[in-house]
Amino acid sequence: MGEFELIKRYFLRPERAGQRDSLVAVGIGDDCALLQPRPGTQLAISCDMLVEGRHFFSDVDPESLGHKALAVNLSDLAACGAKPLAFTLALALPSADPAWLAGFSRGLLALADLHGCELLGGDTTQGPLNICITVFGEVPWVNGQSQALLRSGAKPGDDIYVSGSLGQARLALDGLRGSIKLSPKTLAHTRLRLERPTPRVALGLALRGIASAAIDVSDGLLGDLSHVLTASKVGASITLEVAIKLISNYATTTGTYEVFSSQLTKKCQLGLVLAGGDDYELAFTAPASRRGQVEAAAKQSQTCVTRIGQIDAGQALRLLDAQGQSVPNTWASFDHFA
Ligand code: ADP
Ligand code: MG
């Protein structure tokens, strides 16, 4: 199978071209794709790369990998409150393995279709397995102002929220590496969170005009929240007694607490929640006067949200125990070059 046969077989879907509500004027097949932004909108653009051995194990199920490669990109759009439109795929493959390609494209395109996000081009080359996706999304431009959610909008007094659950992906990673012993049921449950994360696109859209700042949690809550604080030039405090519950929240409003939290020490749970990584939840801020609107946005998007702290006028991120006393921050977020 040659390069062009591969693209045609696994990534080109002419039958869908007639179905799209097309902002994609020209898709796969020419030197450039053409994307036609609607009047009164801005394009939101983000790029994420997945490298074998760094971001995933070499034996990971290809269908899950296809899902995750797009999910991590859609998560960035969600954090900006952008509606997914289209994406490109740059793929380096050691060989053209039909079974692998079929699984990968199935997982990738199923998530793409779920979000109406069209594959409009890419590049394919032989080499060590590497997947690079660029997504394009849309945000309204109203009265000379962008409706995008940015990291820089948090204000003293704002509440801090996190969607879904945190720490389960990292728990699965530790389980797979053998550094922690998990029951088969817990491993199966948390592994889904690691390998098939749910980008919070609907929540991001519902939070437009309500949240003051947002970020997606990919490297660990404390590190990612610090980016919001730096960009917004504010401080914050987080109540650990509340944050720790994020370890066992189910991903949706059906939330009850999972049994596995009883298998872990409190210290371990906190580490997973505060610095786990690979969660792809949204951390966001909103004025306290908008609590009702945040609740409505969560309900509308069928995503549970938990209020874990507050923005202040300081410069630090403080962690508080149940008595409101400061606890030293000893947790480090993931950094590729640290
Ligand atoms: P060029 O050499 O002009 O860059 P290519 O031969 O690399 O074009 O690609 C041919 C067409 O196939 C282009 O439209 C490109 O966007 C598309 N394409 C290449 N690889 C992929 C891929 N993995 N997924 C989707 N489209 C792809
Ligand atoms: Mg090319």
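Please read these numbers as outputs of a predicted model, since none were measured by experiment.
A salt bridge is defined here as a Lys NZ or Arg NE, NH1 or NH2 lying under 4.0 Å from an Asp or Glu carboxylate O, and Arg290 with Asp159 fails to meet this definition. Under the 4.0 Å criterion applied to side-chain N and carboxylate O atoms, Arg13 and Asp113 are assigned as salt-bridge partners. Of the charged side-chain nitrogens involved, none lies within less than 4.0 Å of a carboxylate oxygen, so that Lys68 and Glu63 do not count as a salt-bridged pair.
Leu222 places a side-chain heavy atom less than 4.5 Å from the side chain of Asn329. Between Ile215 and Leu282, the closest side-chain pair of non-hydrogen atoms is not below 4.5 Å. When side chains are defined from C-beta on, Ile238 does not count as touching Leu320, because their heavy atoms never get closer than 4.5 Å. At least one side-chain heavy atom of Cys117 sits less than 4.5 Å from a side-chain heavy atom of Phe87. Side-chain contact between Ser212 and Lys155 is absent, with no heavy atoms from C-beta onward closer than 4.5 Å. In this structure, the side chains of Lys8 and Phe4 stay at 4.5 Å or more apart for every pair of heavy atoms. At a threshold of 4.5 Å between non-hydrogen side-chain atoms, the residues His115 and Pro199 count as touching. In this structure, the side chains of Leu274 and Leu240 come closer than 4.5 Å at one or more pairs of heavy atoms.
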| request: Take Glu295 and Arg307 through the test salt bridge (Lys or Arg N to Asp or Glu O under 4.0 Å) and record every step on the way to the result. | output: CA-CA 10 Å; Glu295 224 167 87; Arg307 182 155 49 84; over 6 Å; no
| request: Show your reasoning for whether salt bridge (Lys or Arg N to Asp or Glu O under 4.0 Å) applies to Glu241 and Lys266. | output: CA-CA 10 Å; Glu241 293 299 308; Lys266 204 166 156 185; 3.3 Å; yes
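Between Phe284 and Tyr161, the ring planes are parallel. Angles under 30° get that label, and only those over 60° would be called perpendicular.
Closest of all the heavy-atom pairs between Arg38 and Glu138 is NH2-OE1, 2.6 Å. The two residues Leu93 and Leu129 come nearest to each other via the heavy atoms CD2-CD1, 3.7 Å. For the residue pair Ala86 and Val24, the shortest heavy atom distance occurs at CB-CG2, 4.2 Å. Pairing each heavy atom of Gly153 with each of Asp158, the nearest pair is O-OD2, 4.3 Å. The nearest pair of heavy atoms linking Leu149 to Arg208 is CD2-CA, 4.1 Å. Contact detail for Ala213 and Ala154: the closest heavy-atom pair is CB-N, 3.6 Å.
Under the 3.5 Å distance criterion, with hydrogens and angles disregarded, no donor-acceptor pair is assigned to the side chains of Ser232 and Arg151. Between the side chains of Gln42 and Ser146, at least one donor N or O lies within less than 3.5 Å of an accepting N or O.
Distance CZ/Phe56 to CD/Glu195: 11.5 Å, rounded to 0.5 Å. In this structure, the separation between CG on Leu65 and CZ on Arg196 is 10.5 Å, given to the nearest 0.5 Å. Atom OG of residue Ser105 and atom CG of residue Leu89 lie 10.0 Å apart, to the nearest 0.5 angstrom.
If you run side-chain hydrogen bond (donor to acceptor under 3.5 Å, both in side chains) between Asp216 and each of Ser75, Ser46, Ser163, only Ser75 comes through. Across Leu221, Ile180, Leu166, Leu264, a single residue satisfies side-chain contact (heavy atoms from CB on, under 4.5 Å) together with Leu272, and that is Leu264.
No more than 12 heavy atoms of other residues, nucleotides or ligands sit less than 6.0 Å from atom CD of Gln145.
No chain of hydrophobic side-chain contacts below 4.5 Å, direct or via other Ile, Leu, Val, Met, Phe, Trp or Tyr residues, connects Leu43 to Leu74.
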